[in-house]
Engineer: 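First, the structure itself, so that you have it in front of you.
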Amino acid sequence: MAFFVQKYGGTSVGSTERIKNVARRAAKFRAAGHDLVIVVSAMSGETNRLISLAKEIQPDPDPRELDVILSTGEQVSIALLAMALHGLGIKAKSYTGSQVSITTDNAHTKARILKIDEDRIRADLAAGYVIIVAGFQGRDEAGNITTLGRGGSDTTAVALAAALGADECQIYTDVNGIYTTDPRVVPEARRLETITFEEMLEMASLGSKVLQIRSVEFAGKYKVKLRVLSSFEEDGEGTLITFEENQNMEQPIISGIAFNRDESKITIVGVPDHPGIAYQILGPVADANIDVDMIIQNVGHDGTTDFSFTVNRNEYANTMKILEEQILPHIGAREVIGGNRIAKVSVIGVGMRSHAGIASKMFRVLAEEGINIQMIATSEIKVSVVVDEKYMELAVRVLHKAFELDQAK
Ligand code: ADP
Ligand code: ASP
Ligand code: MG
């Protein structure tokens with residue numbers, strides 16, 4: 001007998017029929033004697049629908065009120081799943097995030113979980129219930145409803161698994177594991193049996209939305225055994241996120257390719273080149289809580305330099321406003337060029353550590369396709385490039401082939 005926290009994503013609970021399927025799967029686990037806490041997302045499309053509704057009233061809705069509306073999507077799913085379990089004769093109770101005291105900070109629409117009071121869940125589990133918890137939501141210390149950012153149900157699940165000491169956290173979704181890249185973009189992508197925690201962290205942070213990055217961070221911090229599986233297949237091992245690199249197997253150099261369209265690039269041309277300029281530009285941006293991703297500053301010749309950086313696309317307008325109001329009047333730059341039509345493509349693998357030349361191979365493959373690289377960033381286990389958005393899918397496909405990710409290892 002084991003204790004699992006299972007999470008079912010939007011597509012997996014996208015209709016009442018699918019919710020009944022989830023209930024049948026849960027019933028099997030119960031019949032085998034396992035304890036279950038189930039986290040569910042809103043039915044597919046619902047969170048987007050709620051956002052559009054809010055925007056019809058107010059183009060830039062108040063974040064507190066947006067969270068009130070966004071949290072309702074998950075509340076519908078938990079009750080439907082509880083009913084479906086009741087229909088199978090299984091004791092089940094649903095709870096909102098707030099009801100099981102998932103306490104977060106007060107950063108509405110991107111709140112972080114601070115603590116979970118697990119007593120109520122433990123008592124219900126001991127009384128033989130399947131517990132169903134609404135994903136993606138909590139409440140701040142003042143009792144306001146908060147949400148955890150898109151994809152946040154993954155984080156609810158992993159946080160509950162950590163707090164309750166589950167044997168495994170199982171993320172059920174519409175693909176049967178983590179692939180070498182998004183199988184919807186590259187049909188030749190292969191499922192990985194395992195992926196290291198470090199690689200998964202990079203994949204998630206570089207754009208693979210299969211797991212929310214914070215869920216991976218939580219799993220790392222609390223050593224939660226995390227597995228991604230299909231909710232549509234009867235069996236299958238999915239992909240296990242491992243904490244050790246497998247020393248026995250020959251490690252592939254590249255494990256996967258991630259890509260991200262949610263980027264935008266801003267270049268400040270002709271900035272006077274003197275100490276402190278990077279801080280003068282990026283300080284106010286950081287103060288506004290905007291994450292800056294890649295940064296490039298080249299060496300100036302005529303006493304000026306060009307300074308480029310990328311931010312998330314939905315922070316673009318805000319960043320430009322900060323530049324115009326708070327930064328440009330003080331630094332005497334020649335002009336600012338902004339671009340939304342860029343994308344980031346990254347190759348990732350712990351095997352890269354022991355191999356030189358991955359970056360140059362990547363650049364050669366892209367050059368052969370005539371794809372211009374606008375920015376580059378590297379770390380021990382990844383190389384990322386920024387390219388024109390229209391070449392993104394081509395770049396992913398040619399790199400996937402060049403690094404032989406389509407071939408069974
Ligand atoms: P859910 O609604 O279950 O949370 P998501 O849409 O958030 O599902 O995540 C699953 C999707 O992630 C898949 O349908 C797939 O298109 C996408 N994805 C992106 N990168 C990968 C990858 N490397 N492996 C598997 N799926 C990926
Ligand atoms: N329903 C939320 C979203 O669509 C959270 C989730 O599905 O994980 O982002
Ligand atoms: Mg998701």
Side-chain angles (χ1 to χ4, degrees), residues 6-14 18 22 38-52 66-67 69-78 96-97 109-111 113 133-138 146-159 169-195 199-216 227-232 236 238-239 241 254-262 345-349 392-393 396 399-400 405-406:
Q6 301 186 331
K7 177 254 171 178
Y8 292 89
T11 321
S12 309
V13 295
R18 287 194 172 160
V22 170
I38 301 181
V39 173
V40 281
S41 292
M43 295 169 81
S44 54
E46 181 62 7
T47 306
N48 288 342
R49 189 184 74 88
L50 295 171
I51 293 174
S52 326
L66 191 58
D67 276 352
I69 185 168
L70 286 186
S71 66
T72 63
E74 271 69 12
Q75 192 168 339
V76 170
S77 315
I78 54 170
T96 63
T109 75
K110 49 181 174 191
I113 296 177
V133 179
F136 171 61
Q137 56 180 263
T146 54
T147 64
L148 310 179
R150 300 307 303 265
S153 299
D154 298 331
T155 303
T156 305
V158 179
C169 182
Q170 303 174 331
I171 306 288
Y172 285 94
T173 182
D174 55 8
V175 280
N176 63 359
I178 308 290
Y179 278 64
T180 47
T181 193
D182 189 339
R184 293 184 209 288
V185 169
V186 182
E188 297 77 29
R190 283 180 315 106
R191 180 178 63 83
L192 301 164
E193 268 173 35
T194 60
I195 183 168
E199 288 168 331
M200 193 62 238
L201 203 57
E202 291 284 5
M203 290 273 270
S205 82
L206 296 168
S208 301
K209 295 193 175 78
V210 58
L211 285 177
Q212 197 197 35
I213 175 134
R214 284 184 187 166
S215 72
V216 187
R227 192 185 290 276
V228 175
L229 314 110
S230 163
S231 66
F232 301 125
T239 301
I241 301 17
I254 301 298
S255 299
I257 301 181
F259 50 85
N260 191 356
R261 282 189 190 86
D262 303 339
V345 176
S346 310
V347 299
I348 297 152
M392 187 193 80
E393 293 198 7
V396 174
L399 289 168
H400 195 269
L405 291 174
D406 49 351

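Counting starts at 1 for both ligands and their atoms, in listed order.
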Engineer: Output the distance between atom OG (Ser255) and atom CG (Leu405), rounded to the nearest 0.5 Å.
Structural biologist: 8.0 Å
Engineer: Is Phe136 close to ligand 2, meaning an N/O of one under 3.5 Å from an N/O of the other?
Structural biologist: no
Engineer: Hey, which residues fall under 4.0 Å of ligand 1 on heavy atoms?
Structural biologist: Lys7, Gly9, Gly10, Thr173, Asp174, Val175, Gly177, Ile178, Tyr179, Thr181, Asp182, Pro183, Arg184, Met203, Ser208, Lys209, Val210
Engineer: Evaluating non-hydrogen atoms only, which member of Lys209, Glu74, Gln137, Gln212 is closest to atom 2 (C) of ligand 2?
Structural biologist: Glu74
Engineer: Carefully, step by step, assess Asp67 and Thr146 under the rule side-chain hydrogen bond (donor to acceptor under 3.5 Å, both in side chains).
Structural biologist: CA-CA 5 Å; Asp67 276 352; Thr146 54; 5.4 Å; no
Engineer: Side chains of Ile78 and Val133: closer than 4.5 Å at any heavy-atom pair?
Structural biologist: no
Engineer: Look at atom 7 (O) of ligand 2 and say which protein heavy atom is nearest, naming residue and atom and giving the distance to 0.1 Å.
Structural biologist: Ser41 OG, 3.0 Å
Engineer: As an exercise, state the distance from CZ of Phe232 to OG1 of Thr173, rounded to the nearest 0.5 Å.
Structural biologist: 8.0 Å
Engineer: Could a heavy atom of Gly152 be found less than 4.0 Å from some atom of ligand 2?
Structural biologist: yes
Engineer: Which of these, Leu201, Asn260, Ile348, Ile213, sits in a side-chain contact (heavy atoms from CB on, under 4.5 Å) with Leu206?
Structural biologist: Ile348
Engineer: What residue and atom, counting heavy atoms only, is the protein's closest point to atom 3 (C) of ligand 2, and at what distance?
Structural biologist: Arg150 NE, 3.4 Å
Engineer: Applying the side chain to side chain donor-acceptor pair (under 3.5 Å) criterion to Ser153, which one of Ser215, Ser77, Ser41 satisfies it?
Structural biologist: Ser41
Engineer: Given Asp154, which of Arg214, Lys7, Lys209 fulfils the side chain to side chain donor-acceptor pair (under 3.5 Å) condition?
Structural biologist: Lys7
Engineer: I'd like to know if Gly151 contacts ligand 2, where contact means a heavy-atom distance under 4.0 Å to any ligand atom.
Structural biologist: yes
Engineer: Salt bridge (charged side-chain N to carboxylate O under 4.0 Å, His left out) between Glu393 and Arg184: does it pass, once the steps are laid out?
Structural biologist: CA-CA 11 Å; Glu393 293 198 7; Arg184 293 184 209 288; over 6 Å; no
Engineer: Determine, stepwise, if the pair Gln75 / Thr96 fulfils side-chain hydrogen bond (donor to acceptor under 3.5 Å, both in side chains).
Structural biologist: CA-CA 6 Å; Gln75 192 168 339; Thr96 63; 5.9 Å; no
